[in-house]
**Student:** 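Below you'll find the structure I mean.
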Number of protein chains: 2
Amino acid sequence: MGRPPGNKPTSFDIAYLAGVSQPTVSRALRGSRSVSRATRERIEAIARDLNYSVDKNASSLRSQRSNTIALLFFEDPTPDESNINPFFLAMLGAITRQCGARGLDLLISFQKMEDDWHVRYQDSHRADGLILLGYGDYTLYQRRLTELVGAGTYFVRWGSVGADTIGPTVGSDNVGAGRLAGDHLLDLGRRRIAFLGQADEHYPEFADRYAGLCDAMAAQGIAPDPALQVDALTAEDAGHAATMTLIGRGVPFDAIFAASDLIAIGAMRALAEAGLTVPGDVAIVGFDDIPAASLTTPPLTTIMQDMKGAGQLLVDTLVAQVEDQPLPPGTLPARLVVRRSTSG
Amino acid sequence: MGRPPGNKPTSFDIAYLAGVSQPTVSRALRGSRSVSRATRERIEAIARDLNYSVDKNASSLRSQRSNTIALLFFEDPTPDESNINPFFLAMLGAITRQCGARGLDLLISFQKMEDDWHVRYQDSHRADGLILLGYGDYTLYQRRLTELVGAGTYFVRWGSVGADTIGPTVGSDNVGAGRLAGDHLLDLGRRRIAFLGQADEHYPEFADRYAGLCDAMAAQGIAPDPALQVDALTAEDAGHAATMTLIGRGVPFDAIFAASDLIAIGAMRALAEAGLTVPGDVAIVGFDDIPAASLTTPPLTTIMQDMKGAGQLLVDTLVAQVEDQPLPPGTLPARLVVRRSTSG
DNA sequence: CGCCAGCAGGCATACGTATGCGCATATTAT
DNA sequence: ATAATATGCGCATACGTATGCCTGCTGGCG
């Protein structure tokens with residue numbers, strides 16, 4: 001208190017007051033073993049007293065480590081603001097928390113994948129590495145990801161974890177989650193389970209969820225019926241449209257597993273319009289457990305991903321790369337949240 | 001391409017290749033008038049060629065400007081992760097966009113207001129200024145804000161804009177928004193309008209909304225009835241509880257203006273349980289236009305805040321301070337979104 | 001033809017920290 | 001007692017950019 005503003009204390013000021021040299025201050029504050037305990041504590045006291053804090057720019061410049069990671073959201077369908085997938089926003093909380101726990105700063109940006117932002121961020125030493133978060137057509141991103149790998153940029157991606165993914169990837173066990181949903185519906189006696197969601201290589205996460213559903217059905221000796229799978233992207237409208245398509249096909253079904261909650265909500269709207277009851281005529285399971293899922297009527301049974309774990313794993317995986325350590329395994333278990341859309 | 005990684009080009013490399021001195025490179029790339037056009041273009045070409053990008057740390061260190069702002073979320077009720085107010089998350093999109101447009105980086109953190117994080121961020125030159133975002137008991141924050149002002153920290157806060165606010169503040173015109181909601185309900189012939197939301201000095205934004213409602217009623221010669229105001233914080237449960245209280249009071253009401261969408265959603269649930277129809281028995285207006293608002297049955301009439309404008313204004317106000325320029329005015333108009341909870 | 005103005009760019013240096021290396025003093029082994 | 005080792009700290013310097021000041025040159029004008 002009292003020092004004229006714009007005249008922030010430096011490590012030299014501390015050194016002077018402590019009667020030591022500037023390097024000693026630096027070492028002391030970083031906890032180097034080569035400063036005696038007494039000296040260190042004296043320096044720490046003075047630093048606290050002066051309200052000193054290490055200049056981040058000087059420190060990063062000298063050490064070539066920014067202790068900062070950059071979070072890049074990308075989504076292809078929405079060039080407009082605000083319409084961010086609620087699931088990712090929830091994950092943001094977990095990521096910031098883990099960054100805080102590890103003493104990292106977090107830079108954030110929403111970008112189209114076209115910009116070369118991602119490269120720039122590491123080149124300019126703003127960040128030590130990147131977290132890439134986004135749904136969208138995976139095949140469109142492959143080239144970009146390959147570039148990143150080629151440039152030696154450290155990054156980690158949220159998505160489908162498989163053999164052919166490019167770069168370190170962290171994701172839920174989507175196959176297991178699909179199996180979870182399938183088992184649940186099968187336990188309830190449902191046999192004609194529809195899947196709403198793009199299930200091709202462009203959207204591997206959705207495809208995995210479908211594969212898990214098929215696994216569960218196969219375990220009961222039920223062959224998947226292609227007529228019960230309808231493509232749909234993440235949005236509510238898509239869920240509505242897909243359900244209309246499904247109904248239009250005239251094949252009977254007694255359950256729906258939707259690849260996202262928004263799809264499920266759209267589906268519920270379409271079912272209501274068609275005079276079908278939930279869960280009476282059709283049981284329905286969503287995916288993501290977005291806040292709105294518990295607010296629908298009936299509340300939506302869904303799959304909850306481990307977002308806290310996801311945030312930790314993303315950050316840890318990135319740091320492991322930067323520090324040249326072995327990467328932790330990349331998949332996280334998901335959990336079924338039963339609500340009245342299946343059990344009512 | 002091709003340069004060994006870890007050997008990033010510097011301005012010296014460019015200078016060498018261009019046959020000029022390093023300072024000239026710096027000036028050229030920053031667009032200084034004292035570099036000839038020809039030289040500048042030559043330098044720019046080489047820089048592009050080498051995939052050069054200015055080292056952010058060195059630049060910030062030297063210029064004492066980080067061109068970065070820090071966004072601090074704080075909410076008192078949720079020490080747990082994830083449960084972030086969706087409204088703020090939507091605003092995040094607008095803020096990042098404006099930061100991008102102004103060439104600023106954005107640091108982000110969720111914190112309890114107790115930590116001295118906010119001071120640290122500017123002291124350590126991580127950020128030029130802070131954006132403070134959070135609901136919560138305003139009176140609890142006053143001391144912190146006063147400290148920030150005292151420390152000369154640049155910041156801007158989202159909240160109620162009034163005479164007694166501490167530090168530069170940006171917010172919606174909550175009084176006007178309340179009037180908007182009131183006028184709408186009055187136009188529909190409703191006369192007994194309840195308000196659900198804390199309306200004291202601890203939550204000035206809510207109080208302003210209530211004041212606007214009272215204004216609108218007063219303009220029609222209707223005196224506000226204290227029995228029709230029930231305290232409620234932001235959450236859905238609170239809305240449910242408040243509505244039960246309201247019903248329990250036995251005073252007749254034909255409309256509800258809720259201080260937030262989540263309160264409104266809770267209210268709708270309580271009304272349904274009590275056998276009251278929306279909008280037949282009770283018309284209801286929310287606030288925020290969160291994504292779930294259009295998914296309720298019936299869809300919720302609500303007040304939409306100008307989030308794009310808010311993001312711009314927050315960033316612009318902060319930058320104006322840093323650059324020692326006059327601050328733009330701090331209030332933004334809100335808009336009524338009519339859905340079936342009032343007009344059905 | 002000489003003088004002053006203005007343009008383009010170079011020189012030197014500062015920003016604040018981190019770290020390799022060397023040098024005392026203190027400690028132990030021989 | 002002397003050599004070997006450890007401990008604690010200072011010296012010098014590097015990180016890469018931005019900027020105040022000065023210089024050399026060109027051109028216009030009296």
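This structure is a prediction, so every number in the text was calculated from the model and none was measured. Numbered from 1 within each chain, the chains take letters A, B, ... in sequence-line order.
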**Student:** What's the CG-C1' distance between N67(B) and dT17(D), to the nearest Å?
**Tutor:** 13 Å
**Student:** Please state how far atom CD1 in I14(A) lies from atom P in dG16(C), giving the value in whole angstrom units.
**Tutor:** 13 Å
**Student:** Within the pair S60(B) and dC15(C), is there a side-chain N or O less than 4.0 Å away from OP1 or OP2?
**Tutor:** no
**Student:** For nucleotides 19-24 of chain C, read 5' to 3', which letter fits each nucleotide if B means a protein heavy atom sits under 4.0 Å from the base, S means only the sugar-phosphate is that close, and - means neither?
**Tutor:** BB----
**Student:** Atom CG of N57(A) and atom P of dA14(D): how far apart are they, to the nearest Å?
**Tutor:** 21 Å
**Student:** Output the rounded distance in Å from CZ (R126(B)) to P (dT17(C)).
**Tutor:** 13 Å
**Student:** Think S59(A) has a side-chain N or O under 4.0 angstrom from the OP1 or OP2 of dA18(C)?
**Tutor:** yes
**Student:** In whole angstrom, give the distance that lies between atom CG of L61(A) and atom P of dG16(C).
**Tutor:** 12 Å
**Student:** For K8(A) and dT17(C), what is the distance between atoms NZ and C1' respectively, to the nearest whole Å?
**Tutor:** 17 Å
**Student:** If the condition is ring-ring contact (aromatic ring centres under 6.0 Å, His included), which residues does F155(A) pass it with, not counting sequence neighbours?
**Tutor:** none
**Student:** Determine: side-chain N/O of Q64(A) to OP1/OP2 of dA14(D), distance under 4.0 Å, yes or no.
**Tutor:** no
**Student:** On DNA chain C, does the nearest nucleotide to S34(B) precede the nearest nucleotide to H125(B) from the 5' side, or the other way round? Give the residue.
**Tutor:** S34(B)
**Student:** Quick one: L29(A) CG to dA18(C) P, roughly how many Å, whole number?
**Tutor:** 8 Å
**Student:** Give me each pair satisfying salt bridge (Lys or Arg N to Asp or Glu O under 4.0 Å) with a member in residues 312-327 of chain B, each pair once, sequence neighbours excluded.
**Tutor:** R65(B)-E323(B), R102(B)-D316(B)
**Student:** Verify the contact: side-chain N or O of S11(B) to OP1 or OP2 of dT17(D), cut-off strictly under 4.0 Å; return yes or no.
**Tutor:** yes
**Student:** May I ask you to say whether D55(A) pairs ionically with K8(A), meaning some side-chain N is under 4.0 Å from a carboxylate O?
**Tutor:** no
**Student:** Without decimals, in angstroms, what is the distance between F12(A) CZ and dA14(C) P?
**Tutor:** 12 Å
